Amino acid sequence: MSKLKELPFSTLQFYATAPYPCSYVPDRQARSQVAAPGHLINADTYSHLVEQGFRRSGLFTYRPHCDSCQACIPVRVDTAAFTPNRSQRRAWTRHQNLRAFVAELAWSPEHYALYTAYQQSRHPGGGMDEDSRTQYAQFLLTSRVNTRLVEFREPDGRLVMVSIIDVLDQGLSSVYTFYDPEARGSLGTYSILWQIEQCRSLQLPWLYLGYWIEASRKMAYKAAFQPLQRLIDGTWQESA
């Protein structure tokens, strides 16, 4: 372990995980750098860590720390300067009937059923066993920071999307969104547009979208939200 020199927290340290298969680039091994101890990472500390390229998965705060790869690039949207493109405007208009509700960050069979449908649509073969329910709760329902669970419902009350969002000092961090895979239109795009509007209403300059990988098709959508800044060598820079 060694101390995190970039931050003014003398007791905060970080360690590197063992290598594990990369989820985004085939045939590569990944490693993460985890900030510790977790109980000292409150909302203010976490805000500074996100500015340094960290993310949160449940109670773990991490950033990529691969031995020979720097493909994962933290990105954030300049919410004041953002202008939607044509397809984004269509997605915004199409889903204007949805109603957003902040719900308790707690177990809900309704939420989990939607999550399972979303995962099975994109990752066929997954099951609904006890392990997957535990992983869901650990991943999305545990937090030591300022987190919101936002439901998006049709006028008849039907749940179609859930977004987990962290509130930071200078922005929002989009943790995870899952939605009805049978729904028409671009719900994923709408969720990001909605979060940008939330940033504007709260006068927060940044929406953090996690990591962008040029070679990953799963990450390609993030580049459509311009102007987008990338964290390169510790400095936030406008994307080309």
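Note that the structure is predicted; figures quoted are calculated from it, not measured.
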Counting C-beta onward and ignoring hydrogens, is there a side-chain heavy-atom pair between N42 and R144 closer than 4.5 Å?
no

Flag side-chain contact, heavy atom, 4.5 Å: S173 against R56
no

To the closest 0.5 Å, what do you measure between OH (Y46) and OG (S143)?
8.0 Å

Is the backbone of A224 close enough, under 3.5 Å, to the side chain of Q88 for a donor and an acceptor to pair up by distance?
yes

What are the two closest non-hydrogen atoms of R31 and C66, and how far apart are they?
N-SG, 3.6 Å

Look at atom CG of D233 and say whether more than 12 heavy atoms of other residues, nucleotides or ligands are closer to it than 6.0 Å.
no

Would you check if Q195 and V77 make a side-chain contact, meaning some heavy-atom pair closer than 4.5 Å?
no

Any chance CZ of R28 has more than 12 other-residue heavy atoms, nucleotides or ligands included, within less than 6.0 Å?
no

Main-chain N/O of G53 paired to Y211 side chain as donor or acceptor, under 3.5 Å
yes

Distance (rounded to the nearest 0.5 Å) between N85 CG and R90 CZ
8.5 Å

On a heavy-atom basis, the closest approach of L114 and D180 is CD1-N, 3.5 Å

Note, L49 side chain near L12 side chain (heavy atom, < 4.5 Å):
yes

Worked check of side-chain hydrogen bond (donor to acceptor under 3.5 Å, both in side chains) between T116 and Y136
CA-CA 9 Å; T116 300; Y136 164 80; over 6 Å; no

Restricting to non-hydrogen atoms, name the atom on H111 and the atom on A106 that form the minimum distance, rounded to 0.1 Å.
ND1-O, 4.4 Å

Could you report the tightest heavy-atom contact between M161 and Y190, atom names first, then the distance?
CE-CD2, 4.0 Å

With the side chain counted from C-beta on, respond yes when R94 and R184 share a heavy-atom pair under 4.5 Å apart, and no when they do not.
yes

Would you find a donor on one side and an acceptor on the other, under 3.5 Å apart, between the side chain of S121 and the backbone of Y118?
no

For T79 and L204, run side chain to side chain contact (heavy atoms under 4.5 Å, CB included): C-alpha distance rounded to whole Å, both residues' side-chain angles, the deciding distance at 0.1 Å, then the answer.
CA-CA 8 Å; T79 61; L204 297 172; 5.8 Å; no

Any chain of hydrophobic side-chain contacts (each under 4.5 Å) joining L59 to F14?
no

Worked verdict on W206 versus D78 for side chain to side chain contact (heavy atoms under 4.5 Å, CB included)
CA-CA 5 Å; W206 308 111; D78 182 338; 3.8 Å; yes

Going by heavy atoms in the side chains, are I192 and T177 under 4.5 Å from each other?
no

Carefully, step by step, assess S57 and Y176 under the rule side-chain hydrogen bond (donor to acceptor under 3.5 Å, both in side chains).
CA-CA 9 Å; S57 177; Y176 198 74; over 6 Å; no

For R63 and Q52, work out which heavy atoms get closest and say how close.
NH1-O, 2.8 Å

With no hydrogens and no angle check, is any side-chain donor or acceptor of T17 less than 3.5 Å from a backbone partner on V34?
no

Give, for atom CD of Q226 and atom CD of E238, the distance between the pair rounded to the nearest 0.5 Å.
8.5 Å

Would you check if P84 and W92 make a side-chain contact, meaning some heavy-atom pair closer than 4.5 Å?
no

If you compare all heavy atoms of L40 against all heavy atoms of T45, which two are closest, and at what distance to 0.1 Å?
O-OG1, 3.7 Å

With a 4.5 Å cut-off on side-chain heavy-atom distances among I, L, V, M, F, W and Y, is there a chain of contacts connecting Y221 to F178?
yes

Mind checking whether P74 and R230 have side chains closer than 4.5 Å, heavy atoms only?
no

Would you indicate whether E104, at its atom CD, is surrounded by more than 12 heavy atoms from other residues, nucleotides or ligands within a distance under 6.0 Å?
no

Please check: side-chain N/O of R99 versus main-chain N/O of N97, any donor-acceptor pairing under 3.5 Å?
yes

Reported CZ-to-CG distance for the pair F225 and L193, which is rounded to 0.5 angstrom
5.0 Å

To the nearest 0.5 Å, atom OH of Y115 lies from atom CG of L140 at 6.0 Å

Check whether W107 and V150 end up in the same hydrophobic cluster, where Ile, Leu, Val, Met, Phe, Trp and Tyr are linked by side-chain heavy atoms less than 4.5 Å apart.
yes

To the nearest 0.5 Å, what is the distance between CZ (F152) and OG (S163)?
4.5 Å

Can you confirm whether more than 12 heavy atoms, excluding those of E214, are under 6.0 Å from its CD atom?
no

Ignoring hydrogens and geometry, is there a side-chain-to-backbone donor-acceptor pair from K222 to V75 under 3.5 Å?
no

Return yes when atom CZ of F139 has more than 12 non-hydrogen atoms of other residues, nucleotides or ligands closer than 6.0 Å, and no otherwise.
yes

Yes or no on side chain to side chain contact (heavy atoms under 4.5 Å, CB included) for F54 and H48, after CA distance, side-chain angles and deciding distance?
CA-CA 9 Å; F54 282 80; H48 289 289; over 6 Å; no

